[in-house]
Amino acid sequence: MRLSAYFLPLLKENPSEAQIVSHRLMLRAGMIRQSSAGIYSWLPLGFRVLKKVEQIVREEQDRSGAQEVLMPTIQPADLWRESGRYDDYGKEMLRIRDRHERDMLYGPTNEEQITDIFRGALKSYRDLPKNLYHIQWKFRDEVRPRFGVMRGREFLMKDAYSFDLDAKGAKHSYNKMFVAYLRTFARMGLKAIPMRAETGPIGGDLSHEFIILAETGESAVYCDKAWLETDILKAADGLDFDSDLEPFFRQWTSLYAATDDMHDPAKCPLPAEQLVTARGIEVGHIFFFGTKYSKPMNAVVAGPKGESVPVEMGSYGIGVSRLVGAIIEASHDERGIIWPEAVAPFRVGLVNLRAGDAACVAAADALYTRLRSAGVETLYDDRDESPGGKFATMDLIGLPWQLVIGPRGLAAGTVELKSRRTGERQEVSSEAALAKLTGE
RNA sequence: CGGGGCGUAGCUCAGCCUGGUAGAGCGCGAGUUUUGGGAGCUCGAAGCCGGAGGUUCGAAUCCUCUCGCCCCGACCA
C-alpha cells in the first residue's frame with residue numbers, strides 16, 4: 001500500500017480525551033475514531049490489526065475442535081426471560097423495542113441464544129460433545145466507558161459455548177479452551193496468565209481469567225516468576241486435544257497467580273524473590289456453569305438409558321477488540337506502538353526519504369514491487385515529506401521493520417533496515433534486505 | 001449511579017474573572033528554499049465560541065436549562 005493513497009489520519013498531538021497510552025496511540029496512529037462514548041469506528045490501519053487478532057483467535061478455536069457460527073446482535077427478550085436474566089441483567093443491557101412493540105435487546109452475550117439453538121437441534125447424548133463459537137459485536141451499556149477500545153460499550157468478542165453430557169466431559173471441554181487460550185495469547189506475543197476468578201453474572205463454579213501483564217494494566221496482579229520464564233507456546237505445542245488435558249491444566253494452575261483482591265501477602269506461598277508484582281489486563285475469561293441455562297431453558301438430551309439429561313455447559317470469552325488496545329499497552333515506547341509481528345498491520349514500512357529524487361524513487365519502487373510479489377505486507381511511504389516526519393510516522397504506527405531508502409545510502413549501495421522493537425539498524429544491500437524480509 | 005471537570009478552526013489550547021462582536025501553535029492549500037530524526041520563509045482558506053432561553057444598547061464572556069465528552073469512585077470481555 002502506498003502511504004500517499006492510504007487513509008491514515010495521523011495526529012501529531014495527543015487528543016485531550018485519551019488518558020491511557022493505548023487509547024492515545026490508537027487515535028494518533030489513525031486506527032480508530034470515536035463515534036460516541038465507548039463506541040468506535042475502525043479505520044484501515046486499526047481494522048487490519050483487529051482482523052489479525054480475530055484470525056488468530058479463530059485459528060486456535062478451530063484447532064481445539066470448536067466450530068464457528070454467527071449469531072445475531074439483536075436478540076428477543078423472551079429468550080432472556082426464560083433464563084431469568086432479562087430482569088437480572090440490569091441497565092447494562094441495551095433494551096430495544098421493534099415496530100410491533102416486541103421487546104428486543106442488543107446482545108451483551110449469547111448463552112440464551114446458543115442454548116436455544118442447541119435444544120432445537122440436538123436430542124441425544126450421541127450428539128455430544130459440542131463446542132460452538134462466534135466472533136460478534138456485543139453491547140454492554142457501561143456506566144462509564146473509558147480507556148478507548150479497552151473498555152468500550154460496543155466491543156468485538158469471541159464467545160464459545162460447550163455442551164457435554166456430564167461434568168467430567170464438561171471439564172475436558174473447559175481444559176481444551178484453557179489450552180487454546182494459552183496458545184492464542186502466546187501467538188500474539190502476549191504473556192497471558194490464568195487466574196482463578198469470580199464467576200459474576202454469568203454464574204457457575206469454575207472460572208479463570210486470563211490476564212496479560214502491562215505497566216498500565218487496570219489492576220495489580222501477583223504471580224510466580226516461573227510464568228515469565230516459560231515459553232507457553234512451546235509447552236502447549238503438540239498437545240493432543242483429545243488426550244487427557246487434566247495434568248496440563250493442573251500444572252499450569254499450580255503456579256501461583258492472583259489478582260489484587262485475591263492476593264493476601266501474608267498467605268502468599270511464594271518467597272519474595274519468586275513473586276512478580278505487576279499490573280494486568282483481563283483479555284479472556286472462561287466459565288464452567290453446569291446446568292445453569294440448560295435446566296431453565298430445557299436443553300436436554302436423551303441419555304444412554306433413555307433418560308432426560310440437562311446438558312453441562314461452559315462459556316468462554318475473549319475480548320477481541322480489547323486485545324488490540326491491550327497489545328499496545330504491553331508493547332510500546334515513547335515514540336509509539338511496537339507491533340508484535342503476528343498482529344502488525346503491515347510487516348514492513350518502506351520509506352523513500354527523498355520523494356523527488358529519481359534514483360531514490362526507482363530504488364524504492366523496485367523494492368516495493370519485489371516485496372509485494374513476495375507476499376510481504378508493505379506500507380510504502382512515498383510521500384513528499386521531510387525525513388524526520390517520515391521516521392516519526394513509522395515509529396508511531398509501529399511496523400516491525402523499517403526499510404529506509406535515501407540518497408546517502410544509495411550512493412554507498414546500501415539501504416537501511418531497522419527493527420522497530422530493538423531499534424537496531426543495519427546498512428545492507430537491497431538484496432540482503434530483501435532476503436531478510438522475505439526469507440523467513 | 002455518586003463526585004468533579006471541560007465543550008472556542010481538523011488537533012492542542014488562549015480569550016471568559018472585569019461584556020464592546022474571534023486569537024495562537026500545529027495541521028490544511030499555494031509559492032519558494034530545503035531534505036538521514038516531526039524544516040525555513042511568504043501568502044491563504046478555515047470557527048451559527050455545543051444547543052435553547054434569559055439579562056443587556058451589546059454576550060464566547062453574566063444567569064437558567066439542556067445535550068455531549070472526559071476524569072475519580074462503585075461495576076465489567
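All of these numbers come straight from a predicted model, not from anything done at the bench. Every chain is numbered from 1, with letters handed out A, B, ... down the list of sequences.
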| message | What is the distance, to the nearest angstrom, from the CD atom on A/Gln19 to the P atom on B/C69? | response | 16 Å

| A/Arg153 CZ - B/C70 C1' separation (whole Å) | 14 Å

What nitrogen or oxygen pairs link the protein and nucleotides 1-8 of chain B at under 3.5 Å?
| from | atom 1 | to | atom 2 | distance (Å) |
| --- | --- | --- | --- | --- |
| B/C1 | OP1 | A/Lys91 | NZ | 2.7 |

Contacts under 3.5 Å, N or O only, protein and nucleotides 35-37 of chain B:
| from | atom 1 | to | atom 2 | distance (Å) |
| --- | --- | --- | --- | --- |
| B/U35 | O2' | A/Arg354 | NE | 2.8 |
| B/U35 | O2' | A/Arg354 | NH2 | 3.0 |
| B/G36 | O2' | A/Arg408 | NH1 | 3.0 |
| B/G36 | O6 | A/Gly406 | N | 3.4 |
| B/G36 | O6 | A/Gly406 | O | 3.4 |
| B/G36 | O6 | A/Gly409 | N | 2.9 |
| B/G36 | N2 | A/Glu416 | OE1 | 2.3 |
| B/G36 | N2 | A/Glu416 | OE2 | 3.4 |
| B/G37 | O6 | A/Lys418 | NZ | 3.2 |
| B/G37 | O6 | A/Arg425 | NH2 | 2.9 |
| B/G37 | N1 | A/Asp395 | OD2 | 3.1 |
| B/G37 | N1 | A/Lys418 | NZ | 3.4 |
| B/G37 | N2 | A/Arg335 | NH1 | 2.8 |
| B/G37 | N2 | A/Asp395 | OD2 | 2.1 |

[Y] six-ring face occupied by [X] cation (under 6.0 Å, within 45°):
X: A/Lys171; Y: A/Phe249; value: yes
X: A/Arg48; Y: A/Phe346; value: yes
X: A/Arg322; Y: A/Phe147; value: no

| field | Nearest-neighbour nucleotide for the A/Ala37 side chain, B/C70, B/A77, B/A74 considered | value | B/C70

| What's the closest nucleotide to the A/Ser36 side chain, out of B/A74, B/C69, B/A77? | B/C69

Dump the pairs, protein N or O against N or O of nucleotides 11-14 of chain B, anything under 3.5 Å, distances to one decimal.
| from | atom 1 | to | atom 2 | distance (Å) |
| --- | --- | --- | --- | --- |
| B/C11 | O2 | A/Glu13 | OE1 | 3.1 |
| B/U12 | OP1 | A/Ser16 | N | 2.7 |
| B/U12 | OP1 | A/Ser16 | OG | 3.2 |
| B/C13 | OP2 | A/Ser16 | OG | 3.4 |

| remark: On RNA chain B, more 5' by nearest nucleotide between A/Arg33 and A/Met157 is A/Arg33

| Across the strands shown, which category fits A/Val283 at heavy-atom distances under 4.0 angstrom: base, sugar-phosphate, nothing? | sugar-phosphate

| query | Under 6.0 Å between ring centres, would you say that holds for A/Phe289 and A/Tyr174? | reply | no

| query | So does A/Arg151 reach the base of B/C76 with its side chain, donor to acceptor, closer than 3.5 Å? | reply | yes

| query | Which base, if any, makes a Watson-Crick or G-U wobble pair with B/G7, both distances under 3.5 Å? | reply | B/C67

| Any A/Lys12 side-chain nitrogen or oxygen under 4.0 Å from OP1 or OP2 of B/G38 | no

